[in-house]
Amino acid sequence: AGVPAGTPAPPPAPHLFRDAAEIGALRENLLAWYDRCKRDLPWRTLVSGVGGIGASALIPAVWVSEIMLQQTQVATVIDYYNRWMQKWPTLQALAQASLEEVNELWAGLGYYSRGKRLQEAAKKVVSELAGQMPRTAEDLQKLLPGVGRYTAGAIASISYGQATGVVDGNVIRVLCRLRCIGADSSSPAVIDQLWDMANALVDRSRPGDFNQALMELGATVCVPKAPLCGECPVKQHCQARCRKLFGKPAPVPDVEDCGKQPGEIPVVALGLGPVVTVTFVFAGVGGCPLCPPPTEPWDSSLGVTNFPRKAAKKQPRVERTATCVLERRGCHGTLEYLIVQRPSSGLLAGLWEFPSLLLAQDLQEEKQREVLADHLRAWTGWPVVAGGLRFIGEVVHIFSHIHQTYVVYSLHLDGDLTLDPTLSPSRWVTEQEFHASAVSTAMKKVL
Ligand code: SF4
């Protein structure tokens, strides 16, 4: 992209890209590296239609992979992704799937609402949008449930070639290092700045590859703890590296004195159009809204990992849940377990679990047994007594915002149990059926 005539030259600063030539070189270096070094991932295989199905009817691979990859490692996702695409390669097929089937396939991947929303979005495309996926980031985000700004940008650029940027955790890290952005990278002002930067940087002719390259760089080279700067294809554009090697970023002024004041300032000087301005209300070192806060200046022992910086994470909520593995001998003498379905909204919505009860804080063990026995009695109609529950042990499972401890009991039942049909759906399953059901990883640990 060239500089439109009459665009004023932006002032030099460590947080800005110098000019269109620097951006052009960065794009070229990054794309050449990506072409050489990209990982071979199943969603990167171009599909142009299979078995007589036209490409437009296929579900965009990047949509499924990006939803699965939220909060989940690539290595874990690959198998889930392959099974999903084999089962529901088209929007139509996914729209017809039941939530139970989706949960079964998703079991173990975590954050179950993601699968549910993916299926709801496919339904919407088929029933309300005549089977046509929206093709711009704006429409994708507006029209499809579960598609946020990042996923919309990824689908629009990778599947449909729209020149729009993406900002995920990897991109945040790379851009903050490239431009020495040390203010809280989760603050709305910095996130807005990074989006402006990503939108301006994205290569106009290969937007999908460029976005994937930026993310790939963050995932494989510019990694959180020990980035491989020596192998980095954009090292010559990296202000953090420059700061580490020479004590200051290039070009001057120094990062502690980059001269920016809070207020209306040019934040993306990219030579691609009018300079973007954003109003900041807070300030880091030297009054700059993008520099590290004055209380936490550059730490030379950290090198490039001075960036990005985040406000301290909120501590997860601590919870204890009593859970009871009810078992019986089935008709062929095989052990069977009772599982019940969770409500259709909230944490682990619609998944199956052993009968469980959230415990009040600091409940003594004796009391725990009693409340669990009451719960099971009311629920099963069986004369369960606290003394009959066998304590097995504790299982800790960390959800993103909850530190959950399951206090596990077991109870063997002989005879028939008539469950109250007005309560949650329930069923007896063998161990094999348990593992094939839509149960969470936490419940697998409990078993
Ligand atoms: Fe990241 Fe190092 Fe490359 Fe800079 S030079 S972008 S810090 S890997």
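Numbering of residues begins at 1 and proceeds along the displayed sequence. First listed ligand is number 1; within each ligand, the first listed atom is number 1.
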Participant: Look at atom 7 (S) of ligand 1 and find which of Arg173, Arg177, Arg241 reaches it with the closest heavy atom.
Facilitator: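 Ranked by closest heavy atom to atom 7 (S) of ligand 1, first place is Arg177.
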Participant: Measuring from atom CD of Glu28 to atom CG of Asp203, what distance do you get when rounded to the nearest 0.5 angstrom?
Facilitator: 9.5 Å
Participant: Would you say Cys238 has an N, O or S atom lying under 2.8 Å from atom 4 (Fe) of ligand 1?
Facilitator: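 Yes - counting backbone and side chain alike, Cys238 has an N, O or S atom under 2.8 Å.
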Participant: When rounded to the nearest 0.5 angstrom, what distance separates OH in Tyr150 from CD in Gln141?
Facilitator: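 One gets 13.5 Å once the value is rounded to the nearest 0.5 Å.
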Participant: Between the side chains of Glu128 and Lys123, is the shortest nitrogen-to-carboxylate-oxygen separation below 4.0 Å, so that they form an ion pair?
Facilitator: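 Salt bridge between Lys123 and Glu128, a charged N being under 4.0 Å from a carboxylate O: no.
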Participant: Do Glu431 and Lys444 sit within salt-bridge range, that is, some charged N less than 4.0 Å from a carboxylate O?
Facilitator: no
Participant: Out of curiosity, Lys38 NZ to Met215 CE, how far, rounded to the nearest 0.5 Å?
Facilitator: 13.0 Å
Participant: Among all protein non-hydrogen atoms, which one is nearest to atom 3 (Fe) of ligand 1, and what is the separation to 0.1 Å?
Facilitator: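 Ranked first by proximity to atom 3 (Fe) of ligand 1 is Cys232 SG, 2.4 Å.
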Participant: Val304 heavy atoms, cut-off 4.0 Å: which ligand 1 atoms fall inside?
Facilitator: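 Numbered from 1, ligand 1 contributes 7 (S).
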Participant: Does only the side chain of Lys235 get under 4.0 Å from ligand 1, or the backbone, or both, or neither? Count heavy atoms.
Facilitator: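 For Lys235, the contact with ligand 1 is made by both the backbone and the side chain.
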Participant: Do NZ/NE/NH1/NH2 and the carboxylate oxygens of Asp299 and Arg309 come within less than 4.0 Å?
Facilitator: no
Participant: Considering non-hydrogen atoms of the protein only, which is the closest contact for atom 1 (Fe) of ligand 1, and what is the distance?
Facilitator: Cys222 SG, 2.4 Å
Participant: Within the stated cut-off of 2.8 Å, is an N/O/S atom of Cys229 closer than that to atom 3 (Fe) of ligand 1?
Facilitator: no
